[in-house]
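Everything below concerns the one structure shown next.
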There are 2 protein chains.
Amino acid sequence: MARPRSFDPDDVLEIARQMFWQKGFQATSLDEITAMSGVAKPSLYAAFGDKNALFLKVLDRYHDGILGWAERVLAQPGPAREAIRQWLTGFIPYCSGEKGQRGCLSINSATDGSLDQAELRKSIERYNRRLEDLLRTRLRAGRAEFSKGFDPDVTAQTIMVVHAGLLALAHQRPDARRVKAVIDQVMGLLA
Amino acid sequence: MARPRSFDPDDVLEIARQMFWQKGFQATSLDEITAMSGVAKPSLYAAFGDKNALFLKVLDRYHDGILGWAERVLAQPGPAREAIRQWLTGFIPYCSGEKGQRGCLSINSATDGSLDQAELRKSIERYNRRLEDLLRTRLRAGRAEFSKGFDPDVTAQTIMVVHAGLLALAHQRPDARRVKAVIDQVMGLLA
DNA sequence: CGCATTCTGTACTTACAAGTACATAATGAA
DNA sequence: TTCATTATGTACTTGTAAGTACAGAATGCG
């Protein structure tokens with residue numbers, strides 16, 4: 001009944017994700033996204049709303065990707081300890097070397113002073129809460145593995161902090177072995 | 001022999017620090033700094049160079065402040081364990097509640113896509129290295145307090161990661177008690 | 001006092017990015 | 001085929017911020 005869209009919104013979101021992740025929200029212009037995607041600005045506005053709204057969609061997509069992976073890894077059978085170690089270890093490629101330079105889109109965006117802070121914080125908070133829930137649930141389920149004084153709630157928080165710290169320091173492109181050594185040491189808390 | 005400067009550069013750096021910290025590099029305009037400081041743009045350019053250079057001076061000042069404090073706290077007599085606990089605990093006001101929202105200027109700036117990344121990374125790297133050196137030195141000096149397998153080098157890295165993680169998550173304004181609980185748990189690694 | 005020198009304030013240029021007006025193209029339905 | 005409807009592309013407006021030209025003010029020195 002009307003002219004169909006000539007592009008796949010998911011493709012554009014994927015391109016925008018890479019660009020926002022690489023350069024940040026503010027430093028990425030819609031003109032650049034237009035150039036990379038081949039989709040003109042009025043179409044972007046029609047499909048996604050303004051730049052803020054586009055970014056929030058990109059961020060949700062990013063969050064969903066990480067959460068999906070976390071669910072898969074943390075749902076594994078076997079000791080909670082090993083599931084969590086594997087989850088943390090999986091971030092090493094994103095926390096070290098050249099690829100680490102861009103850090104984490106979620107953490108990065110929290111500082112961008114031109115984003116709508118209210119919406120942004122809600123999105124990030126939801127993401128952090130879900131991630132922490134996954135960790136806590138797994139730790140509680142594996143309680144039998146740990147000593148009597150073990151506190152799964154605080155430990156889940158601590159792992160979140162370590163995870164955020166590794167990604168915050170990733171911009172410095174640390175050596176992968178050092179990152180691994182830190183993870184190994186932190187795993188000592190799961191006892 | 002010429003007209004003297006009518007403002008104190010340190011005052012301007014202090015004002016700029018607050019503004020950059022609150023809103024980020026890109027979102028803070030020189031016009032705003034002019035308005036807050038009462039110093040006109042040509043004077044800013046003459047005194048500090050362009051916006052990048054001004055920011056780097058502000059960042060160095062910020063780094064020096066934290067390093068100075070860390071040196072004081074970590075040079076304390078007594079157990080290394082307590083010195084480090086006190087150092088970490090001292091960040092709680094900056095990692096929680098309303099004041100935590102702005103996070104850490106150093107971590108925040110690492111993501112800003114419009115800064116000169118080369119100079120910026122050098123500055124941050126120097127800062128991180130010096131901080132880690134302070135921690136490592138103190139841990140090595142207090143070796144007698146710890147068990148035989150204790151690794152002061154990796155532990156210094158881990159503390160850096162936890163520190164960065166707390167400040168990265170600070171934007172979500174977590175509860176101070178939760179932050180403290182995480183620190184307490186991490187202190188368990190110093191044994 | 002008069003002069004060289006450096007700072008200050010106003011007002012400007014330039015560049016770039018967000019968002020939009022409008023004419024046109026592509027579809028499904030009647 | 002014709003129309004209603006929605007997408008597209010060009011070109012525009014608007015706002016804002018970085019950086020600067022230039023005239024004038026404030027100092028020390030001779």
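Chain A is the first sequence line, chain B the second, and so forth, proteins listed ahead of strands; every chain is numbered from 1.
As rounded to whole Å, 13 Å separates atom C1' of C:dG9 from atom CZ of B:F7. Distance CG (A:D8) to C1' (D:dT8): 17 Å, rounded to an integer number of Å. Between the CG atom of A:L115 and the P atom of C:dA17 there is a distance of 16 Å, rounded to whole Å. In this structure, B:Y45 atom OH and C:dT10 atom P are separated by 17 Å, rounded to whole Å. As rounded to whole Å, 10 Å separates atom P of C:dA18 from atom CG of A:L54. Rounded to an integer number of Å, the gap from B:F20 CZ to D:dA17 C1' is 13 Å. Per the geometry, CG belonging to A:L44 stands 14 Å off C1' belonging to C:dA17, to the nearest Å.
Which of C:dT10, C:dG19, C:dA17 sits closest to the side chain of A:S29 comes down to C:dA17. Side chain of B:R5, nearest nucleotide from C:dT8, C:dA17, D:dA17: C:dT8. Among the nucleotides C:dT6, D:dT8, C:dA26, the one closest to the side chain of A:S6 is D:dT8.
With hydrogens and angles left out, the side-chain atoms of B:S106 and B:H63 include a donor and acceptor closer than 3.5 Å. Checking B:S123 against B:D60 by side-chain atom types alone, a donor-acceptor pair falls below 3.5 Å.
For A:R61 and A:D64, the salt-bridge test fails: no basic side-chain N is under 4.0 Å from an acidic carboxylate O.
Within 4.0 Å of A:P42, counting heavy atoms only, lies at least one base atom of the nucleic acid. Residue B:T28 is classed as a sugar-phosphate contact, given heavy-atom separations below 4.0 Å to backbone atoms only.
Contact check, B:K41 against D:dG19: no side-chain N or O comes under 4.0 Å of OP1 or OP2.
Around OH of B:Y127, the count of heavy atoms belonging to other residues, nucleotides or ligands within 6.0 Å exceeds 12.
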